Structures are given as structure tokens and as C-alpha cells.
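Here's the structure, in C-alpha cells; my notes come after.
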Amino acid sequence: MNTHQIHTPLGAVFFDRPAQEVAEELLGKFLIREKNSVQYAFMITDVEAYEGLKDKASHAHRGRTKRNEPMFGSPGIWYVYFVYGMHWLLNIVTGNEGHPGAVLIRGIQHVSGPAKLTKFLTISSKENKMQATPENKLWIGDRNIYIPKKIIKKVPRVGVGYAGPVWAKKPYRYVVKEC
DNA sequence: TAAGTGATCTCT
DNA sequence: GAGATCACTTAA
């Protein structure tokens, strides 16, 4: 394909860092989906970080299983899993191979809610473990937009009460404030 | 506020 | 193999 590339695709270098750092910087980046040779780009506005084995809210905290295996994989692959019998959730894997970490993409402009997002972009198990690259028709691009720290809200993650008071309260959800 | 829905994980 | 749980959404 010979499309004019206005976004720089983000790769392993960007994602091989702590999930909290990647999460915050993902705000203002673009989630890009290609359908029928057309690229659709949406600015990321809401994310959550899941970092390391110690994070009790993370799927990885009980160690490696078949389900959470992608979290232990190389930075910049997708971790897509099924919950509540009906929803797919999209995560990008962070940290080096063997170190479990991921950022849940909760919202893009005009689509709030992690399960609505995957439905809207037709994301499911097919994307699990795939590299986030243009070739795979689902990736994250940088259009060099700067989100001022002032308008980033840091709040507790959603639906993680089971993690206990300490981990449930960590402000690992990053949201771009509405203006 | 509660139900829907099924894969996954943790016990027996 | 059984039972509980779950990074959610929608309708009431």
C-alpha cells in the first residue's frame, strides 16, 4: 500500500517501559484501524496501567497462565481478552519480554468504554498476541499532539475492588479531562 | 441496581 | 468436574 503516512507507528522502544509511564503518554496518541484499505484514526483519551507481578489488580499477579500469557510477551503486542461472557477488552503489552505489563485502552474520542471500543473497531481474539503494526491493520500512531499534564486526570482503576484497598486505590487510570 | 453470558481459574 | 469470579454494558 502506498498511503501517505501522517502517523509515526509506535513500536517496542515506546512500549518497553513501566506501564504507568506508557499509559500516561498514550493519551493524545492515535489508535488506528484499517478496514477495506481505509485507515481510521481515533485519539486515545482514557487508559489504565497494569504493571508487574505485584499489582494485585493485574491478571498477571498470580503468575503466568494461558490467558495472561501475552502480558509476559514482547512490548508492543496486543493483549485482547474476553470478559463477562460478552465483552472483548484491548490492551497493549508493555515492559520487556518476561516482565508482565499492559495498558488497557478504555476510551477514544467519541467512544467511551473499553468493550464499546472493541465492538466499534471490530477487535476480538484474532488480534490477541499480534504486533501493533500497520501490516496487522491495528496499531498506535503518533501525530505529535501534546496533551498538557494539567488536563490529565489520574484516578483509581475501574472494577478492581477485588485487588484490596492498596492496589484498588492506586491512581493508574489516566483520562483526558473534558473541556 | 441487577441481569446477561461464557471463558478461566481454583478448588475438590 | 463443579462452582465462583470477572479490567462491562444496558435497561430499568
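Since this is a predicted model, take the numbers as computed values, not measurements. Quick note on labels: first sequence line is chain A, next is B, and so on, each numbered from 1.
- Counting heavy-atom neighbours within 6.0 Å of A:Arg62 CZ, excluding the residue itself, gives a total of 12 or less.
- Out of B:dC9, C:dA7, C:dT9, the shortest distance to the side chain of A:Ser58 is found at C:dA7.
- A:Arg173 has no side-chain polar atom (N or O) that falls below the 4.0 Å cut-off from OP1 or OP2 of C:dA7.
- If you take OH of A:Tyr81 and P of C:dA7, they are 6 Å apart, rounded to a whole angstrom.
- In this model, the phosphate group of B:dA7 is not approached by any side-chain N or O of A:Lys66 to a distance below 4.0 Å at OP1 or OP2.
- In this structure, A:Leu89 places its CG atom 15 Å from C1' of C:dT5, rounding to the nearest Å.
- What separates OH of A:Tyr162 from P of C:dC8 is a distance of 8 Å, to the nearest Å.
- Listed candidates were C:dC6, C:dT10, B:dT8. Nearest to the side chain of A:Lys116 is C:dT10.
- Stacking between A:Phe82 and the base of B:dG6 is absent under the criterion of ring centres within 5.5 Å and planes under 30 degrees.
- Side-chain proximity of A:Pro114 to C:dA7, B:dG4, C:dT9: nearest is C:dT9.
- We find that CG of A:Asp46 is positioned 12 Å from C1' of C:dA7, with the value rounded to whole Å.
- The aromatic rings of A:Trp88 and A:Phe82 sit tilted, their planes meeting at an angle between 30° and 60°.
- Remark: A:Arg33 is not positioned above the aromatic ring of A:Tyr40, lacking an NZ or CZ atom under 6.0 angstrom from the ring centre and at most 45 degrees off the axis.
- For the pair A:Tyr174 OH and C:dA7 P, the interatomic distance rounds to 19 Å; values are reported in whole Å.
- The side chain of A:His59 contributes an N or O atom lying less than 4.0 Å from OP1 or OP2 of C:dA7.
- When both pairing distances are held under 3.5 Å, B:dG6 makes a Watson-Crick or G-U pair with C:dC6.
- The distance between atom CD of A:Glu69 and atom P of B:dT8, rounded to the nearest whole Å, is 12 Å.
- Using a 4.5 Å cut-off on side-chain heavy atoms (C-beta onward), A:Leu117 and A:Arg106 make no contact.
- Atoms NE2 (A:His61) and C1' (B:dT10) sit 13 Å apart, rounded to a whole Å.
- In this structure, CZ of A:Arg67 is placed 10 Å from P of C:dC6, rounded to the nearest angstrom.
- At most 12 non-hydrogen atoms from other residues, nucleotides or ligands lie less than 6.0 angstrom from NZ of A:Lys54.
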